[in-house]
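Single-structure report; data block below.
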Amino acid sequence: MIEKILIANRGEIAIRVIKACKTYGLKSVAVYSDEDVNSRHTKMASEAYHIGAAPPSQSYLNMEKIVEVALSSGADAIHPGYGFLSENADFADLCEKKKLNFIGPSGKSMRLCGDKMLCKDAMMKAKVPTVPGSPGIVEEVEKALDIAHKIGYPVLLKSVFGGGGRGIRLVNNEKELREAFEIASGESKAAFGKSALFVEKFLPKIRHIEYQLFRDKHGNTVHIFERECSIQRRHQKLIEMSPSPVVDQKTRDEIGQIAVNAAIAVDYTNAGTAEFLRLDDGTFYFIEINARLQVEHPVTELVSGLDLVKLQFDIANGKEIPFKQKDLKL
């Protein structure tokens, strides 16, 4: 059983997890860089340890140092928070190797979710509806042109490894696609180390709706309703709300089950979020699974009455989700 948790993060999410530790009688271990010597999370935790200089690469992204501190402090689990190492499959694997309970999905699931093409392939096999586009990586501009012609302009050129709005180019015709292909390849390589692109149909007048998911180690899977995050700037969410004003109970149940199927398709465990695009005609398309607890998780807590961090702890401890889908009320 987990008794002491190291929080491999800083700021708001570190404080959130430390508060949950205090509420449920668990010891907490904070880590901090030179910049965060006097930060609030270092004072709130049961213990706090320095892990390096201010640049994240020398502190909050230094997985070997974080694991070293976890082991020397006697922590038996690591909560990654969001950002930093939260979706780093190598970090999840390292925790497992060192017998530390990683409070999140497995490295294998994380790799599936993080590679948009592998994830899309898994979803298509599970009959989860995905946005029309290329079935795999597109390495040549002529192939991209073929696909764009079949699905119709406008299309998006996207990096397989992109996220948060990075690595995306909107093109409206063949000339723009030829110009954007080389630029997008370069951007992808600069940001993610690889120039892997795919083509996807651009869907105008969409709403962005996501489902909070939880899956335990016994295969029990639930969604905890939807959040709508359609109000964005440069593909970055500005406002989250729940319930969505365009989701009725019938739709909530139907798309919620599709979200559950998506989690099962990648053998997901712990907390995650399935993201969908909704067209004006009510069609939903799956786009990705965010393999972490998200910044906006308190919105779901407010409408469900659940403590999602506590649920994370319980699942990491091997407990079953203590309720069925039918028990949840919005």
Side-chain angles (χ1 to χ4, degrees), residues 1-9 12-31 41 45-47 60 63 66-71 73-114 212-224 260 263-264 266-274 289-295 297-298 300-301 304 306-324 328:
M1 293 292 284
I2 295 172
E3 294 182 355
K4 183 187 279 192
I5 299 174
L6 180 143
I7 300 94
N9 220 298
E12 178 188 35
I13 187 58
I15 291 168
R16 171 71 182 91
V17 178
I18 291 166
K19 284 182 176 179
C21 288
K22 289 186 175 187
T23 300
Y24 301 109
L26 302 172
K27 293 178 181 177
S28 57
V29 179
V31 292
H41 76 283
S46 308
E47 305 166 28
Y60 298 107
M63 64 179 81
I66 289 170
V67 166
E68 177 190 314
V69 169
L71 294 171
S73 68
D76 41 33
I78 290 183
H79 194 300
Y82 43 68
F84 292 135
L85 294 169
S86 63
E87 292 181 276
N88 188 309
D90 292 338
F91 184 54
D93 288 345
L94 181 60
C95 290
E96 183 180 2
K97 181 181 177 182
K98 297 296 184 179
K99 309 294 189 224
L100 290 164
N101 198 331
F102 182 79
I103 302 176
S106 68
K108 182 181 177 182
S109 293
M110 226 180 268
R111 285 186 182 89
L112 256 178
C113 294
Q212 178 67 61
L213 295 169
F214 272 88
R215 188 163 186 257
D216 64 29
K217 295 175 182 179
H218 307 276
N220 302 307
T221 316
V222 296
H223 71 82
I224 309 180
V260 164
I264 295 169
V266 294
D267 195 21
Y268 199 91
T269 52
N270 216 277
T273 300
I289 289 181
N290 291 309
R292 66 185 185 280
L293 185 74
Q294 287 192 273
V295 177
H297 76 272
T300 294
E301 292 184 322
S304 68
L306 297 171
D307 184 329
L308 301 193
V309 177
K310 166 66 159 50
L311 193 51
Q312 282 194 293
F313 293 171
D314 289 345
I315 290 172
N317 264 324
K319 295 181 180 179
E320 293 194 46
I321 295 171
F323 47 79
K324 303 295 183 186
L328 293 172

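When reading the values below, keep in mind they use all heavy atoms of this one structure, side chains included, and skip hydrogens, waters and symmetry mates.
- For the pair Thr300 and Ser304, the tightest heavy-atom approach, listed with the atom from each and the gap, is O-OG, 2.7 Å.
- Annotation for Lys217: atom NZ counts as buried by contact number, over 12 foreign heavy atoms lying within 6.0 Å.
- With values rounded to the nearest 0.5 angstrom, Arg292 atom CZ is found 7.5 Å from Thr273 atom OG1.
- Heavy atoms of other residues, nucleotides or ligands lying less than 6.0 angstrom from CD of Glu3 number 12 at most.
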**OP:** Give the C-alpha distance, both sets of side-chain angles, the deciding distance and a yes or no for salt bridge (charged side-chain N to carboxylate O under 4.0 Å, His left out) between Asp307 and Lys19.
**Re:** CA-CA 11 Å; Asp307 184 329; Lys19 284 182 176 179; over 6 Å; no
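- Looking at every heavy atom in both residues, Asn270 comes nearest to Pro105 through CB-N, 4.3 Å.
- A donor-acceptor contact shorter than 3.5 Å links the side chain of Ser28 to the backbone of Ser46.
- His223 is not listed as a side-chain neighbour of Leu328, based on a closest heavy-atom distance of 4.5 Å or more.
- In this structure a side-chain-to-backbone donor-acceptor pair under 3.5 Å is present from Gln212 to Gly272.
- Here the NZ-CG distance, from Lys319 to Leu311, works out to 10.5 Å after rounding to the nearest 0.5 Å.
- When all heavy atoms are compared, the tightest approach of Ala291 to Cys113 is CB-CB, 4.4 Å.
- With values rounded to the nearest 0.5 angstrom, Ile224 atom CD1 is found 8.5 Å from Leu213 atom CG.
- Put simply, the side chain of Asp76 never gets that close to the backbone of Asn101: no donor and acceptor are under 3.5 Å apart.
- Between Leu293 and Ile13, the closest side-chain pair of non-hydrogen atoms falls below 4.5 Å.
- When all heavy atoms of Pro298 and Val295 are compared, the pair lying nearest together is CD-O, 3.2 Å.
- The NZ atom of Lys310 sits 10.5 Å away from atom CD1 of Ile315, with the distance rounded to the nearest 0.5 Å.
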Original post:
Passes salt bridge (charged side-chain N to carboxylate O under 4.0 Å, His left out), Arg16 versus Glu301? Steps please.
Top reply: CA-CA 13 Å; Arg16 171 71 182 91; Glu301 292 184 322; 2.7 Å; yes
**OP:** Could you check Asp93 against Phe102 for side-chain contact (heavy atoms from CB on, under 4.5 Å), going step by step and ending with a plain yes or no?
**Re:** CA-CA 9 Å; Asp93 288 345; Phe102 182 79; over 6 Å; no
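- Atom CD1 in Ile66 sits 12.0 Å away from atom CG in Leu71 (nearest 0.5 Å).
- At least one side-chain heavy atom of Ile264 sits under 4.5 Å from a side-chain heavy atom of Val260.
- Without hydrogens or angle criteria, Asn9 side chain to Tyr82 main chain gives a donor-acceptor distance under 3.5 Å.
- Within the 4.5 Å cutoff, the side chain of His41 has no heavy atoms near those of the Ile7 side chain.
- Side-chain N or O atoms of Ser86 include none that pairs as donor or acceptor with a backbone N or O of Pro80 at under 3.5 Å.
- Ring geometry for Tyr24 against Phe313 counts as perpendicular: the plane angle is over 60°, on a 0 to 90° scale with 30° as the lower cut.
- The minimum heavy-atom distance linking Ser109 with Asp267 is given by the pair OG-O, 2.8 Å.
- Minimum heavy-atom separation, Thr221 to Ala263: CG2-CB, 4.1 Å.
- Phe214 contributes atom CZ, which lies 5.5 Å from atom CD of Gln312 (distance to the nearest 0.5 angstrom).
- The number of heavy atoms from other shown groups lying within 6.0 Å of NZ (Lys4) is above 12.
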